[in-house]
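Read through the structure below, which is laid out as structure tokens, and then see the notes.
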Amino acid sequence: IFILILKAKMGSIDCPCLDVSAIVSLFINSGCTTYTSQLLPQFSGLADGLPICVDTAPDVNYGSSVCKAHDASTSPSCTGSDDPGWCTKEWCYVDKNKCRSSTELMYASSKFPEMNFFYSYTTCNSTRNESWNIYNEWTTTNCLTDIILDVTLPTSKYPAHYKLDTEGNHAPENGAEYYDESIQFQGSTIEYFTKIMRYTNIKQINYKPRSGGAQARTSNMYTQSVYDVQVGISDMTISDYWITSERLKMTPYTTPLYTENVVLFVKRPDPQNSFRNRFLFTIAPFDPMLWLTLVVSILAVGFLSIWFSNGSGLHHYWYDKIHGKKWREASKRRKVVVLLFLAFDAFVAMFLHFFSASVEVDLRQSVSTKILMCGFGFWILITIAAYTANLVSFLTQLEILDVKHSSMERAIKNHVKICSSIALKTKFTSLWPQATFVFKSTLDEMLDAFDQGKCDAIAYGLPEVKKTHSEKFCNRDLIFSGAVVALIPIAFPTSHKFAAAISYAIQKGLDDGINVLDIEKQYLPDPICNLDLDLSNVEDSELQPLSVATMTFPLFVLILCAVLAICVKLWREYLVPPNSRAKFLSSMQRVVMPSYTSHLNKHLSGPIFIENQSESFESALEENPIGSTENGPASALEENQ
């Protein structure tokens, strides 16, 4: 009990309260003193003669020797009716070196920063969570308590932060009204900042224009405002600032408000609905290599069909041309002419099959032809389905955008000149080192360069254009091409002193549903024109022509069937003895012909047609007796069978 009472009065044994009254007494009259090493030996690292000042001269026993609610009677935040919660909590200053090895929580003092003072709540019996919450809230927002915050605004810009002229119209960006401090700023950003500052105890916010020195320093209005923060003319600046490495060298930023898409804007293309373009659309679903592959595959199937033809199937005409006495007696020149004619005829026939999305079916065809047609039919099925599906995406587009603008990669490949803000020079040249950029200080300079033909596209923030500059872009018929150049976070540049406090207020606002973009929507007028191209909403893959790689599987099936058909053809021609084939066909005649004739009588053209087929079969036997070896033994019988 004695130890608990002692700890409640003087702190814990391993982290006791420190007597600092000797130092505090020096500030009672003037608020400043000069440090000497004799003041407190346990505080090291300070040079003799160092001037030390505090904002207010506290009571001589402030934080000294004993655990006590030292802020209850000295802090301005604790004198009003709104108690922040930490006013009645007991604490005291402690020796940092002694408390380092203890389990007590201690924090650096902001009232005596030069003296390296540390204080602790837990040594005075406050809980750890309670101690941390007090410290976290105090150190985060205390810097804004009862102060007047000077905020620079880069320009008069509707709807973010603007002024009105004497007639009630929006003042020019850099007009006389902007510099007239008697005219108040208003707008979505002003409203948003006012709301989040309610999470602090700030006394007043003064909105100011850029300084003259900043304007002499750089031509970019936004960088001028950042310069004012850097040199201490203002405490922070608010607008939709891009976070860039150059500006981070000048001053810190708050936590990001949102991320802005910087995109390419190009001239809206004229509708291209001519007959020529519509014709080109019909071949657009396949790339040239795939079209070439289709033609070659049809040619190959045609040649193989000639080779696999027999004397009784649908291709008997081709078979007859390259068999018999006339073919054997023809000259080489005549044979070449016949083969070329047959090749053309077979090519046209296979094209007809392809365009009709089907293949011929004839039971009298050779086995090799049937195998080949299986692969060709599968190839036709997949090709027609893929072409039809991809054609829909192309034919339904009302506007056609030149592909050289549709992505940054294509813009680079086509040497597109892109106007952009000089503030993003380092960012863009790092992301796209091969791109052709034309950097300008302001958007008006970019638009002028575009009008003069010095650049083919403009890289700018899409949300910013829609809310502020839509009229300028609509008048030039500029639209978003679908190409995203970069994603840039938006935040407020601020001084080191207030960065954490403002970031805390921004995050608290987000937690409570306070978002700058939501507030901006209330100020935005109706859009003058549509800045989005319909094509930009289509996935890139939907407008990509299909390639050979996408058709690998059906092409593989076709090739496999062709190879198998060739193997069967070679096996039947060269590996099976003629007598064996003739005997096989003779036996098959007795077994198959009756059922085959009955099937055809039932489903085809009746008995007369079948009788002709039977007569053809018998005549084949007479013309090519079984066992004959002249001119391809038993071939007619075999193919009839």
*Rounded distance [0.5 Å steps], CZ in Arg476 versus CD in Glu471*: 10.0 Å
*Kindly state each residue pair satisfying disulfide (SG to SG under 2.5 Å) with at least one member in residues 415-472, sequence neighbours excluded.*
Cys419-Cys455
*Out of curiosity, Met446 CE to Ser421 OG, how far, rounded to the nearest 0.5 Å?*
4.5 Å
*Any Lys/Arg nitrogen of Glu191 or Lys195 sitting under 4.0 Å from an Asp/Glu carboxylate oxygen of the other?*
yes
*Fit a plane to each ring of Tyr158 and His170, take the angle between them on a 0 to 90° scale, and name the class: parallel (under 30°), tilted (30 to 60°) or perpendicular (over 60°).*
parallel
*Listed by chain and number, what are the side-chain hydrogen bond (donor to acceptor under 3.5 Å, both in side chains) partners of Ser234, not counting sequence neighbours?*
Thr152
*CG of Leu105 to OH of Tyr121: how many Å apart, nearest 0.5 Å?*
12.0 Å
*side-chain contact (heavy atoms from CB on, under 4.5 Å) between Tyr253 and Met236: does it pass, once the steps are laid out?*
CA-CA 9 Å; Tyr253 275 73; Met236 66 179 300; over 6 Å; no
*Would a line drawn from the ring center of Tyr460 to the ring center of Phe265 be shorter than 6.0 Å?*
no
*Which is it for Asp511 and Gln507 under the side-chain hydrogen bond (donor to acceptor under 3.5 Å, both in side chains) test, yes or no, and what are the steps along the way?*
CA-CA 6 Å; Asp511 295 342; Gln507 189 58 50; 3.2 Å; yes
*Is there side-chain contact between Trp242 and Arg247, with at least one heavy-atom pair below 4.5 Å?*
yes
_Looking at Asp240 and Lys157, is there a salt bridge between them, counting it only when a charged N and a carboxylate O are closer than 4.0 Å?_
yes
*Which pair of non-hydrogen atoms, one from Val359 and one from Ile380, has the smallest distance, and what is that distance?*
CG1-CD1, 3.9 Å
*Identify the heavy atoms of Phe450 and Leu478 that sit nearest to each other, and give their distance.*
CZ-CD2, 3.3 Å
*In plain terms, say whether Glu177 and Lys163 are close enough for a salt bridge, that is, a side-chain N and a carboxylate O under 4.0 Å apart.*
no
_Validation row: Leu487, Asn261 side chains within 4.5 angstrom (heavy atoms)_ = yes
*Euclidean distance, Ile384 CD1 relative to Leu391 CG, rounded to 0.5 Å*: 11.0 Å
*asked:* Taking the six-membered ring of Phe437 as reference, does the cationic atom of Lys417 (NZ for Lys, CZ for Arg) lie under 6.0 Å from its centre and within 45° of its axis?
replied: no
*Can the SG atoms of Cys561 and Cys374 be said to lie under 2.5 Å from each other?*
no
_Straight-line distance of Ile458 CD1 to Ile418 CD1, nearest 0.5 Å_ = 11.0 Å
*Would Tyr179 and Asn174 count as having a side-chain donor-acceptor pair, cut-off 3.5 Å?*
yes
*Tell me the disulfide (SG to SG under 2.5 Å) pairs involving residues 184-219, sequence neighbours left out?*
none
*Pairwise distance CZ(Arg198) to CD1(Ile514) - rounded to 0.5 angstrom*: 7.5 Å
*For Asp444 and Lys472, run salt bridge (Lys or Arg N to Asp or Glu O under 4.0 Å): C-alpha distance rounded to whole Å, both residues' side-chain angles, the deciding distance at 0.1 Å, then the answer.*
CA-CA 9 Å; Asp444 289 336; Lys472 297 177 181 179; 2.9 Å; yes
*Does Phe347 have its ring centroid less than 6.0 Å away from the ring centroid of Phe354?*
no
